[in-house]
Amino acid sequence: MFDRIKSFASDFFVTGEPMIYASDVAIVLVLAAIIFTLTFLKKWKWLWREWITTVDHKKIGIMYLVSALLMMFRGGVDALLMRTQLALPDQNLLDPEHYNQIFTTHGTIMILFMAMPFLFAMFNIAVPLQLGARDVAFPFLNAVSFWLFFFGALLFNLSFVIGGSPDAGWTSYAPLTELGFDKGPGENFYLLGVQISGIGSMATGINFLVTILKMRAPGMKMMRLPLFCWSVVASCVVIIFAFPALTVALALLMIDRIAGAHFFTMLHGGNPMMFLNLFWVWGHPEVYIVVLPAYGIYSEIVSTFSKKKIFGYKTMVISLMIISVVSYFVWAHHYFTMGASAGVNSFFAVASMLIGIPTGVKIFNWLFTMFRGRISMKLPMLWTLAFIPCFAMGGATGIMLAMAPADYQYHNSYFLIAHFHQVLIGGVAFGLLAGMYYWWPKMFGFRLNEALGKWGFWFFNIGFYVCFMPQYLLGFMGMTRRVSTYSADTGWTDFNFISSIGAYLMGIGFLFIVVQVLYSIKYGERDLTGDPWNGRTLEWAIPSPAPHYNFAHIPEVKEVDAWWGMKERGESLVQLNRKKKFTPIHMPKNSGIPFIMAVFFFISGFGFVFGWYWIAALGLLGVAICMIARSNNRNTDYHIPAEEVEETEAAYGRV
Amino acid sequence: MSQSHVKANEKHPLFPIKNVIGFVLSLILTFVALGLGAAHILPFGPIMLIIMGLAVLQIAVQLFFFMHFMESDGPAYHVIGLTIGIINAVAVIGGTIWVMTFNSQVH
Amino acid sequence: MALSNNEAKQRSSKHDTSRLLEYQRHDGPLNILGFWIFLATDLILFACLFATYLVIRTHVDGGPTDKDLFEIPGFTIETLLLLTSSFTGSLAVYEMRNFNKKRLIGWLIVTVLLGIGFVGFEISEFVQYVGDGATMQRSAFLSAFFTLVGTHGAHVSLGIIWMISIIRQVVKFGIEPINARKVFIVGLYWHFLDIVWIFIFSVVYMTGVVS
């Protein structure tokens, strides 16, 4: 009996790696510390009432942000481990198998569990406030989305200590991921974790699209939308049409693995390339899903910090929408080398290059907005300025990759690695950090320390170029991606060593950001005006942090930069408070169902990972019960009494 | 948002004539497709083309006779959404088949 | 709640009685638009399954082909059941707009029964194929067939459970804005599944018969 338990445990838990034992200890200690602190401070009830059951978009946004930063840390540690392993030739810090796991989790986490939630944090925090709305269209669904993401990410990360991490790359290509080549539960963790959080992403896409289409303040026509909201529309359109393809690709692969079907196997007529096809039908639009909102953030910041109206509002909107449509017709450029016909490769090459045109238009519009503006070099603007050259270079190397014949040379080399890091870090991560700095006072009511932030900025930026410029050269020298080590006579040592130094500089930059946040929590300058940057859109018309109901009175919108226009005419929401009577405000009620339902999804996913189908069935039953309970609940909203609204506004000094 | 197409006071028909017409049309379309398929009077290509055409008509029947497609509160965003959806669906199917024809070329 | 029901109604969720019942509450138009968009995503999901089926339709690996398997009577009965249920589903919405609770419930029950009949025939079709050795594991073609048609069947089964839950709510609360919205939305779902089936009928079954 004891032997059986022992052998089960040695399969179930990841063993044999000192690094992982250390992590086990760290995880247990952190968990114990959290449980102890919550119990000691009697905060369990507070946690449940204020955060876990919340349907408030602002709090959900903060939870997304915290999760995204934690995931950025984990993905970053993975990156540093890889760079340490590759710093010198013939190292043994990570064995090849472990190296495979690390690059897989790094990629999956950074794109799906860092960039996506960071993005949704920005959606949640800014969109309803910019629209003059009191919440999103489906607040309950919004909470469901968050908890599905959270438990999907948890399931994925669990593979680190239980069962073993996935090791087939973040793209999880078949047939390598078929049962014959990849028995372990790691791949199942990938499939289930990504699938569960993917459901949440799709719901978020629908939610924000409906919010923007239906819940704008009176007078805010579509052509008066803030550009960030437009970018969210473009991104959501891509989400709702691209994510089903991922759902199908992962589901079919899972059916192959669980039911022994032959979609992507090498036997019985399966076609592995079909997996690539479906994966990239989602995968390429996915990069536009993450970069379009970043464009929106840059547009807001450039305009605010240049004190000018954005140059070419209409062309900005048109180019956003063109990108969101054309992004759907470029997917095959990820496998030009498959050997499709010349017609196919030409079509997808030309479509890929076409995307450069609307993107170029946007870059020029940002530059023209800054031209003759009074630019103030605050942190959000700094990151935006760093983005423009970085993204332009990344775009140019992208055009190089888009040329199908040339791609045969660059394909899967470090040139590609350098290219997509340059567009994803330079485009997306810079944008998200800029957005975080920009909206931080609105979220928390205090500013982040500029000096520490600047240190972080310079370390991260210089580190970025030191890290990735050598990788272009390594690509030309023939270094392919996903190699766990190399020998000295390849001549790759120097550039790899430089690149690793750059990675560590970026790590230091991240640490500065962490210190900056911790320092500012204690010493940060309070934002009492609600408008610390002299902003242009409606979120700056209300106090920071925004009250629960956002707007006591919803303003009438007369132009693109609604709040700027009001300021120019000497109007404010305080005047509205004085002129109009306070009325009760209709709000959605908190609910524990989203959390409980996501827990059941997690249980079900865990059952599927290990092939314990009774647990999986139990989990799905729980999900169904949660849905029926919600459907039968008719007590889902309430009214904040007028007196309470008045008191809250008075506490902000706004009556 | 003035053009609301969801007014209740429109005269509600006493007999569900629209629904019955829709049902009859859908039956006719189905049997025409079946008849064409079973009769083998045309080669594979043209027959499938006609059958797909009939299926597209069936979509129209469901949308306009059963699903109240033109009803909306404010601008008809769902019409735009579904149109893009159909275009993208055609793109995925057509594009995939085109991309994956490498099957027949490589061997 | 401090407010009387009437006041609350007037102040926030304006029950504008000049509009159709399902659009009267504030969340009616939101949910209906949201559901239309969901249908567009579901459309893409099925498009991916159709694309997969079409690419590996001929990959039979020496096993049964579509021509060998599909028989006209079987899938014709399924088609007629689903088409009729789509019709009865639309009648339910018609009766709802006439405020006829009994007939609304009646047509919903008929729709559910027809749906159960459809699923029953489909299961027996699958069982027969499996009995003949045409299992999902036999070839890529069969994997794609069972997955595409099975996903549709799973959607229909979910729709049946959903509709039963809504029937229960209509019995309990009658025809009012929330229920009206729910009946309308489940109707959209049901008609959408009918559209998907028509394409399964055309692309999967008729292709098999014609080739």
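Labels below follow one simple rule: chain letters A, B, ... track the order of the sequence lines, proteins then strands, and each chain is numbered from 1.
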Report the distance from atom [atom1] of [X] to atom [atom2] of [Y], rounding to the nearest 0.5 Å.
X        : Y        : atom1 : atom2 : value
C:Thr52  : A:Phe275 : OG1   : CZ    : 11.5 Å
C:Ile161 : A:Met627 : CD1   : CE    : 11.0 Å
C:Ile37  : A:Phe241 : CD1   : CZ    : 8.0 Å

Do [X] and [Y] have side-chain heavy atoms sitting under 4.5 Å apart?
X        : Y        : result
C:Lys172 : A:Arg634 : no
C:Ile56  : A:Phe263 : yes
A:Asp637 : C:His26  : yes
C:Asp27  : A:Phe138 : no

At a heavy-atom separation under 4.5 Å, does [X] approach chain A through its side chain, its backbone, both, or neither?
X        : answer
C:Lys182 : side chain
C:Asp42  : neither
C:Phe46  : neither

Please say whether more than 12 non-hydrogen atoms of neighbouring residues, nucleotides or ligands are located less than 6.0 Å from [atom1] in [X].
X        : atom1 : answer
C:Phe126 : CZ    : yes
A:Arg630 : CZ    : yes
A:Met266 : CE    : no

Quick one: which of C:Ile44, C:Leu49, C:Thr151 gives a side-chain contact (heavy atoms from CB on, under 4.5 Å) with A:Val248?
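Result for side-chain contact (heavy atoms from CB on, under 4.5 Å) with A:Val248: C:Leu49.
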Exactly one of C:His59, C:Arg138, C:Gln137 should register a side-chain contact (heavy atoms from CB on, under 4.5 Å) with A:His268. Which one does?
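Of C:His59, C:Arg138, C:Gln137, side-chain contact (heavy atoms from CB on, under 4.5 Å) with A:His268 is met by C:Arg138 alone.
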A:Ser631 to C:Gln169 - nearest heavy-atom pair and separation:
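That would be OG-NE2, 2.9 Å.
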What are the two closest heavy atoms between C:Cys48 and A:Leu278, and how far apart are they?
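Between these two residues, the closest heavy atoms are CB-CD2, 3.9 Å.
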Which one wins on heavy-atom pair count under 4.5 Å against chain C: [options]?
options                                : result
A:Ile239, A:Ile628, A:Ile255, A:Asn632 : A:Asn632
A:Leu252, A:Thr247, A:Val281           : A:Leu252
A:Ala259, A:Ala245, A:Ala251, A:Ala203 : A:Ala259

Checking A:Leu141 against chain C: side chain, backbone, both or neither under 4.5 Å from a heavy atom?
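The answer is neither part of A:Leu141.
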Short side-chain to backbone donor-acceptor contact, C:Thr41 and A:Ile240, under 3.5 Å:
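Flag not set: sc C:Thr41 to bb A:Ile240 has no pair under 3.5 Å.
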